2 protein chains.
Amino acid sequence: MTMDARKFRILQAIIDDYILTAIPVGSRTISKKYEMGLSSATIRNEMSDLEELGYLDQPHVSAGRIPSAKAYRLYVDQLLKNGSIRTGDAADVRAYFTNRAQQMEDVISRAAQVLSGLTHYTSLVMSPKGAELRIRTLQLVPVSSQSALLVIVTDGGIMRDSVIRVGSDMDADALYAVSRTLTERLGGHTLSEALALIKETERDMRAERQVLSGVAEFLDAVDSEGGKAKLTLGGASNILNFPEYSDVEKAKCFLSVLETKEKLLKLMENHGEMAFTVRIGPETGIPELEDCSLVTATYRLSDNTHGTIGVIGPTRMQYGRVLSVLSAMGKQLTDLLGQDKE
Amino acid sequence: MTMDARKFRILQAIIDDYILTAIPVGSRTISKKYEMGLSSATIRNEMSDLEELGYLDQPHVSAGRIPSAKAYRLYVDQLLKNGSIRTGDAADVRAYFTNRAQQMEDVISRAAQVLSGLTHYTSLVMSPKGAELRIRTLQLVPVSSQSALLVIVTDGGIMRDSVIRVGSDMDADALYAVSRTLTERLGGHTLSEALALIKETERDMRAERQVLSGVAEFLDAVDSEGGKAKLTLGGASNILNFPEYSDVEKAKCFLSVLETKEKLLKLMENHGEMAFTVRIGPETGIPELEDCSLVTATYRLSDNTHGTIGVIGPTRMQYGRVLSVLSAMGKQLTDLLGQDKE
DNA sequence: GTTAGCACTCGACCTTAACGAGTGCTAACA
DNA sequence: TGTTAGCACTCGTTAAGGTCGAGTGCTAAC
């Protein structure tokens with residue numbers, strides 16, 4: 001037995017219906033609602049075949065069928081292959097960004113809001129990995145006699161900052177001089193590269209040793225943290241709108257995964273070369289999310305700097321719509337934050 | 001009929017028990033568990049009186065009593081009057097801050113985590129109101145030929161930043177010169193005051209008009225936003241651990257109030273002159289939170305700059321513990337972020 | 001003023017029964 | 001050979017009835 005065109009059409013109808021209603025789909029529903037020109041008995045036979053092929057599950061014998069992860073996979077692959085991603089959401093997305101925020105952080109949190117608002121799922125927006133960012137300017141701003149604020153401007157205007165200790169004999173002018181030198185030497189390099197460069201620089205500038213080691217310490221911290229890509233969530237409580245999470249225990253489980261962001265970060269960092277990555281149920285690799293799907297896309301700051309955006313919700317997800325919104329949002333963020341935004 | 005010492009003792013026992021168990025408290029429970037030396041019948045009579053006085057509610061006739069908002073109010077007032085706030089939590093709080101983060105933002109999000117972790121409720125940490133912060137240093141960092149990053153270091157190391165447009169003829173040195181002048185003129189003033197001062201400055205420095213108006217624009221934005229005190233949440237999903245929120249609808253309601261932070265911000269800004277503010281049920285003024293209590297405390301950056309921390313949970317809250325943890329956390333934050341931290 | 005006793009209330013929980021959506025199978029049909 | 005009508009069967013859902021027990025209010029005795 002093999003998957004033919006009719007089986008696929010029926011499977012698609014079942015998935016569409018289940019995504020819409022969250023109710024196991026029976027043969028009669030398909031026969032009547034989706035005008036197949038086939039009786040429920042025929043559908044029943046096909047459904048039985050589809051179950052044997054692993055595309056459908058049956059919660060219990062007297063209920064309809066629900067799509068398996070394998071079915072969603074097929075469905076999504078089809079969606080991606082056809083390139084049938086609508087573009088109508090682009091306008092919606094743009095509309096929400098009217099009052100153009102200027103700070104990276106604002107743009108990111110706004111993006112998370114818009115994503116969750118448009119999709120009704122939980123959204124995830126990840127800033128680019130710190131270690132990959134290229135330094136544009138580096139400046140030390142005096143804070144007190146003993147300390148200075150290290151400001152690093154990078155691609156896309158993202159800013160990393162930290163208070164570091166400086167020798168007490170550094171006034172504003174001295175700090176500025178160091179800043180100029182450092183910008184000259186480190187500009188254009190990634191934070192990781194800068195860490196290596198600064199060691200060399202340390203030899204030339206004995207007087208400013210303490211400052212340099214402060215900067216080095218910070219770069220090291222950023223580097224070892226794997227870049228501390230920051231993850232912003234939106235609409236976490238949206239999950240409660242779905243009947244599959246009317247059980248409080250399940251909801252709690254989902255939300256606690258969101259709160260410890262590490263696992264999610266790892267998942268999102270593994271975004272492949274594709275425009276989209278769709279992880280369905282067990283494909284997430286996180287047991288607590290085996291009934292969830294995660295769809296991610298990227299936005300670009302420069303050639304080799306990118307961030308990731310995503311949407312997480314039940315496997316029964318409106319993949320088409322989500323892909324379309326993510327696509328629009330990715331473009332929008334690239335526009336707003338990308339290198340040539342001037 | 002009036003409230004006497006014995007009634008109060010019984011009421012206290014009822015509240016303690018209900019806070020612990022969330023189960024309506026019966027007369028027998030009090031008589032046996034709390035060694036009053038009184039029979040259940042006597043307790044029953046007293047409880048009937050307490051109900052008439054408005055301190056107790058009865059979900060239905062054959063259930064025990066639960067404390068009313070009025071009862072919690074009495075209970076909390078007693079707690080505050082006695083000054084019986086334990087200090088044992090100070091050590092716990094400090095322990096969680098071992099790896100001292102240096103950025104304000106990190107400290108704040110860590111504080112939210114610690115608060116929700118120690119109390120098992122949802123925590124709120126509000127940064128100080130922007131408009132009240134005093135400028136320490138102000139510096140422009142070049143970002144591109146057309147724009148610069150405005151960095152403002154304020155009390156407690158908080159930093160406000162924004163990208164502003166500058167004339168194309170400003171190189172790094174020119175920006176630095178402007179920065180020095182601005183720091184000289186605006187340093188020590190609040191952001192609100194600075195807005196007025198910069199208008200005057202604008203006359204003296206015609207050449208740098210564009211930069212100044214950029215700075216002014218930013219200050220204006222901060223000012224008109226009411227300072228955009230930022231609210232950080234911790235442990236939002238903790239609420240699902242409480243039986244009163246095992247109903248998903250209620251939980252959804254609670255979480256959506258948290259997500260639109262405005263109402264909460266307003267509430268937290270209204271923190272009075274007291275060390276603590278406790279708002280019980282309807283006292284919050286937010287209908288969705290009529291079964292919740294909000295306890296807030298402050299921390300200080302300088303004499304007239306403070307932020308607010310708080311905990312929100314069911315009215316059936318462990319007020320004693322929460323007050324103690326908040327007290328410890330307030331001190332800790334004042335230590336970490338306060339003016340004289342060097 | 002306190003307490004034992006008792007009738008009463010009412011939600012929680014269990015059992016049972018009816019219902020119906022949906023299935024698998026068989027036999028008839030084109 | 002594929003399709004379909006028919007039918008017995010399954011099993012979760014819902015409603016109804018019944019028991020249980022925690023808790024109350026009241027009364028009368030101490």
Side-chain angles (χ1 to χ4, degrees), chain A residues 1-11 13-15 17-18 20-68 71 243-244 246-247, chain B residues 1-11 13-15 17-18 20-68 71 243-244 246-247:
Chain A
M1 180 183 29
T2 173
M3 182 71 142
D4 57 24
R6 193 174 73 175
K7 278 193 179 55
F8 185 73
R9 243 176 38 243
I10 292 174
L11 181 58
I14 294 173
I15 296 178
D17 200 77
Y18 187 68
L20 214 65
T21 64
I23 301 169
V25 189
S27 53
R28 240 178 91 82
T29 310
I30 298 301
S31 155
K32 280 177 65 180
K33 216 160 122 189
Y34 291 85
E35 300 180 0
M36 293 274 163
L38 292 171
S39 78
S40 66
T42 309
I43 306 282
R44 213 138 59 221
N45 289 331
E46 294 288 43
M47 282 168 88
S48 179
D49 289 353
L50 283 167
E51 181 171 357
E52 204 173 319
L53 288 167
Y55 291 106
L56 292 179
D57 291 329
Q58 203 168 10
H60 54 87
V61 69
S62 74
R65 307 297 214 292
I66 62 177
S68 68
E244 34 269 84
S246 57
D247 177 14
Chain B
M1 178 184 29
T2 172
M3 183 70 143
D4 57 24
R6 193 174 73 176
K7 278 192 179 54
F8 185 74
R9 242 176 40 242
I10 291 173
L11 181 58
I14 293 172
I15 296 179
D17 200 78
Y18 188 68
L20 216 65
T21 64
I23 301 169
V25 189
S27 52
R28 239 176 92 81
T29 311
I30 298 301
S31 155
K32 280 176 65 180
K33 216 160 121 188
Y34 291 86
E35 301 181 359
M36 292 274 161
L38 293 171
S39 80
S40 67
T42 311
I43 305 283
R44 216 140 56 220
N45 290 330
E46 295 286 44
M47 281 168 88
S48 181
D49 290 352
L50 283 167
E51 182 171 357
E52 203 174 317
L53 288 167
Y55 291 106
L56 292 180
D57 290 329
Q58 202 167 14
H60 54 87
V61 68
S62 75
R65 308 297 215 288
I66 62 177
S68 67
E244 34 271 84
S246 57
D247 177 15

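Here is how names work: the chains are called A, B, and so on, in the same order as the sequence lines, proteins then strands, and each is numbered from 1. Nothing here was measured: the structure is a model prediction, and the numbers come from that model.
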Separation of [X] atom [atom1] from [N] atom [atom2], in whole Å?
X       : N      : atom1 : atom2 : answer
A/Asp49 : C/dC25 : CG    : P     : 12 Å
A/Glu46 : D/dT4  : CD    : P     : 11 Å
A/Asp57 : C/dT23 : CG    : P     : 14 Å
B/Asn45 : C/dT2  : CG    : P     : 9 Å
B/Lys33 : D/dG23 : NZ    : P     : 11 Å
A/Leu50 : C/dT23 : CG    : P     : 12 Å
A/Met47 : D/dT4  : CE    : C1'   : 17 Å
B/Ile66 : D/dG23 : CD1   : P     : 14 Å

Legend entry - Any donor-acceptor N/O pair under 3.5 Å between C/dG20 base and A/Arg28 side chain: no
Starting the side chain at C-beta, find the nucleotide from [options] nearest to [X].
X       : options                : value
A/His60 : C/dC25, D/dG25, D/dG12 : D/dG12
A/Val61 : D/dC11, C/dG24, C/dC6  : D/dC11
B/Arg6  : D/dA22, D/dT24, C/dT2  : C/dT2
B/Arg65 : D/dT24, C/dC10, C/dG22 : D/dT24
A/Arg44 : D/dT4, D/dG25, D/dG6   : D/dG6
B/Leu38 : D/dG21, C/dT3, D/dT4   : C/dT3
B/Thr42 : C/dT2, D/dC7, D/dG25   : C/dT2
A/Ser39 : C/dT2, D/dA5, C/dT23   : D/dA5

Paired nucleotide for [N] [Watson-Crick or G-U wobble; both distances under 3.5 Å]:
N      : value
D/dT27 : C/dA4
D/dA22 : C/dT9
C/dA18 : D/dT13

Close side-chain approach of [X] and [Y], heavy atoms under 4.5 Å:
X       : Y       : answer
B/Asp17 : B/Tyr34 : yes
A/Ser40 : A/Met47 : no
B/Leu11 : B/Leu56 : yes
A/Asp49 : A/Met3  : no

Legend entry - Expected output: side-chain B/Ser31 to main-chain B/Ser27 donor-acceptor under 3.5 Å: no
Inset, instruction - Report which part of the nucleic acid A/Ser27 touches: base, sugar-phosphate, or nothing (heavy-atom distance under 4.0 Å, all strands). - result: sugar-phosphate
Legend entry - CD1-CE distance between A/Ile10 and A/Met36, expressed to the nearest 0.5 angstrom: 6.0 Å
Legend entry - Position toward the 5' end of DNA chain D (nearest nucleotide), B/Ala41 or B/Ala63: B/Ala63
